[in-house]
Amino acid sequence: MINIAKGTQDLLPEVTSDWQYVENKLREIAQNYNYKEIRTPIFEHTELFTRGVGGSTDIVQKEMYTFTDKGDRSITLRPEGTAPVVRSYIENKMHGYANQPIKLFYEGPMFRYERKQKGRYRQFVQFGVEAIGAEDPAIDAEIIAMVMDIYQSFGLKKLKLYINSIGDIDSRSEYNKALVEHFKPSIEEFCSDCQQRIDTNPMRILDCKKDREHRLVKSAPRIYDYLNDDSKQYFEQVKLYLDQLGIDYEVDTNLVRGLDYYTHTAFEVMSDAEGFGAITTLCGGGRYNGLLEMLDGPNETGIGFALSIERLLLALEAEGIEIEHDDALDLFIATLDEDSKQYAVQLLHRLRKAGVKADTDYKSRKLKGQMKQADRERAKYTIVLGENEIKNQQVKLKDMNDGGEHVIELSSLTDELKERLS
Ligand code: HAM
């Protein structure tokens with residue numbers, strides 16, 4: 001037997017209805033905020049991610065599914081959605097559109113070669129949004145408000161929103177210098193990744209999972225003290241908007257995010273529900289003012305976030321929230337002999353074309369077995385077709401909820417059902 005690849009999962013019919021419900025709701029909310037869908041390819045030129053996400057990040061260094069195609073090009077299965085969306089914005093010259101900022105959402109599989117753990121997969125589905133072409137604290141607040149709106153609309157309560165500003169590129173370079181000075185003398189006390197980070201991206205030492213409790217991490221200089229006036233003012237305005245919207249947040253000065261493209265606003269939503277597991281991050285995002293130029297695009301800026309549907313579903317489970325969806329059958333037609341089976345097949349075809357969710361038996365079950373099958377499919381109504389029913393063109397429509405039986409003409413079955421179901 002060939003098994004499924006590690007870190008991936010089959011979504012069986014028992015769970016795909018939950019997924020559909022979640023996906024529809026996410027789309028609906030994104031549309032309320034006037035974001036429109038974009039679909040980009042699942043694979044891209046590797047350089048998009050080495051340049052866009054950053055050569056010093058874990059994603060690029062350790063986690064990418066990269067291969068050489070038959071044309072000798074280096075190709076990578078997308079590990080995230082921002083760089084591809086920005087590439088598309090640049091390539092399709094969306095900066096020339098009048099309706100800036102361009103507000104986009106996307107949903108689809110991402111691929112990272114990570115250690116498998118609860119809530120961490122090698123193929124996972126991200127839902128993300130990007131607003132590109134405006135630098136306005138109000139849009140940062142809009143994006144954060146949308147994230148919270150999404151989680152709350154599913155009924156989640158045990159949420160924590162952390163925000164930070166990692167400043168503009170000038171503030172960051174001053175801050176990085178201060179961090180190098182702070183960590184360098186004792187860097188051999190840190191993990192091997194951090195020993196590299198000190199040269200490639202010192203800020204990442206601050207959110208290293210292994211060294212989180214190190215005394216020097218706790219006593220490290222704070223980014224806020226290195227923000228220049230513009231960066232400080234931008235952050236203050238984002239916070240003001242969030243306050244006005246009544247959104248609770250905590251400033252976490254160690255929140256630096258794991259991708260290189262961020263500037264100014266960075267944020268994460270965590271779940272503190274018991275039983276959610278060790279990986280508590282539900283979603284992450286932030287502003288990326290240098291990314292477009294880094295990818296040879298125009299001098300435009302963007303902000304966005306991404307969440308994985310897998311972790312959203314885990315959070316629902318951890319808070320005991322059940323998804324309600326109606327995947328029950330409207331009508332099950334049981335048949336008593338070959339002639340009625342033939343009649344049933346034609347009737348089904350008509351009912352389905354009229355929008356009734358209907359089915360019948362294909363396993364030559366006895367009547368009792370057919371009724372059990374109707375129960376398994378949670379049919380709302382059933383009819384039994386036999387010689388008499390076809391001759392008289394009348395059936396007993398049974399309401400499976402209250403057991404009530406109603407004699408009706410076969411010719412009015414569709415209308416009767418539609419009325420009862422509406
Ligand atoms: P990220 O923090 O790398 O950011 O990922 C965003 C979210 O994707 C995480 O918070 C988590 O919900 C989910 N996620 C990441 N890796 C996995 C995994 N292995 N298994 C399950 N879920 C996972 C980004 O990807 C940025 N592109 C977000 C962004 C959009 N920033 C600006 N715009």
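Numbering starts at 1 and runs along the sequence shown. These values consider heavy atoms only, across backbone and side chains, with no hydrogens, waters or symmetry-generated copies.
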Provide the closest heavy-atom pair for Val147 versus Cys283 in the form atom of the first, atom of the second, distance. CG1-SG, 3.5 Å
Close side-chain approach of Val269 and Tyr162, heavy atoms under 4.5 Å: no
If I compare all heavy atoms of His95 with all of Ile90, which pair ends up nearest, and what's the gap? CE1-O, 4.3 Å
Got a second to check how far Ile59's CD1 is from Met110's CE, nearest 0.5 Å? 10.5 Å
For Phe235, does the six-membered ring have the charged nitrogen or CZ of Lys239 within the cation-pi criterion, i.e. under 6.0 angstrom from the centroid and within 45° of the normal? yes
Quick one: closest heavy-atom pair of Phe124 and Phe111, and the distance? CE2-N, 4.5 Å
Does one side chain, of Ser340 or Thr335, offer a donor that lies under 3.5 Å from an acceptor on the other? no
Can you see whether Asp361 engages Gln373 through a side-chain donor-acceptor pair at a distance of less than 3.5 angstrom? no
Just do the salt bridge (Lys or Arg N to Asp or Glu O under 4.0 Å) check on Glu114 and Arg120 with the steps written out, would you? CA-CA 7 Å; Glu114 293 199 80; Arg120 177 174 284 158; 3.3 Å; yes
Just checking, is any N or O donor in the side chain of Tyr35 or Glu142 under 3.5 Å from an acceptor N or O on the other one? yes
Run the salt bridge (Lys or Arg N to Asp or Glu O under 4.0 Å) check on Lys158 and Asp272 step by step: do they pass? CA-CA 5 Å; Lys158 298 187 173 145; Asp272 55 9; over 6 Å; no
Residue of the set Pro202, Cys208, Ser192 for which side-chain contact (heavy atoms from CB on, under 4.5 Å) holds with Arg197: Cys208
Any salt bridge linking Arg378 with Asp327? Criterion: basic side-chain nitrogen under 4.0 Å from a carboxylate oxygen. yes
Any donor-acceptor pair under 3.5 Å linking the side-chain atoms of Asp149 with those of Ser153? no
Main-chain N/O of Cys191 paired to Asp211 side chain as donor or acceptor, under 3.5 Å: yes
Cut-off 3.5 Å, side chains only: do Arg287 and Tyr234 have a donor facing an acceptor? yes
Is a donor from one side chain sitting under 3.5 angstrom from an acceptor on the other, for Tyr261 and Glu80? yes
Less than 4.5 Å apart, side chain to side chain, heavy atoms only: is that true for Ile309 and Trp19? yes
Would you say the ring centroid of Phe105 lies under 6.0 angstrom from that of Phe127? yes
For the residue pair Asn176 and Ser173, confirm or rule out a side-chain donor-acceptor distance under 3.5 Å. no
Would you give the length of the straight line joining atom CE of Met94 to atom CD1 of Ile132, rounded to the nearest 0.5 angstrom? 7.0 Å
Between Lys218 and Arg212, the two heavy atoms sitting closest are CE-O, 4.4 Å
Less than 3.5 Å apart, any donor N or O on the side chain of Thr76 or Thr66 sitting next to an acceptor on the other? yes
Audit row: Arg39, Glu37, salt bridge (Lys or Arg N to Asp or Glu O under 4.0 Å) steps and yes/no: CA-CA 7 Å; Arg39 300 185 188 195; Glu37 186 174 7; 3.0 Å; yes
What I want to check is whether the side chains of Glu130 and Thr82 have a donor and an acceptor closer together than 3.5 Å. yes
Taking atom types as modelled and ignoring hydrogens, do the side chains of Asp168 and Thr263 form a donor-acceptor contact shorter than 3.5 angstrom? no
Do Ser56 and Asp260 have side-chain N/O donor and acceptor atoms under 3.5 Å apart? yes
Please determine whether salt bridge (Lys or Arg N to Asp or Glu O under 4.0 Å) holds for the pair Asp193 and Lys62, giving the CA-CA distance in whole Å, both sets of side-chain angles, and the decisive distance to 0.1 Å. CA-CA 11 Å; Asp193 284 341; Lys62 304 180 194 165; 2.8 Å; yes
Distance-minimising heavy-atom pair for Ile166 and Leu255: CG2-O, 3.9 Å
Hits for side chain to side chain donor-acceptor pair (under 3.5 Å) against Glu268, two or more places apart or cross-chain, chain-then-number order -> Arg257
Tell me the closest heavy-atom pair linking Thr360 and Ile333, and the distance in Å. OG1-O, 2.7 Å
Judged by modelled atom types alone, do Arg87 and His45 share a side-chain donor-acceptor pair under 3.5 Å? no
Leu397 side chain reached by Glu405 side chain, heavy atoms, under 4.5 Å: no
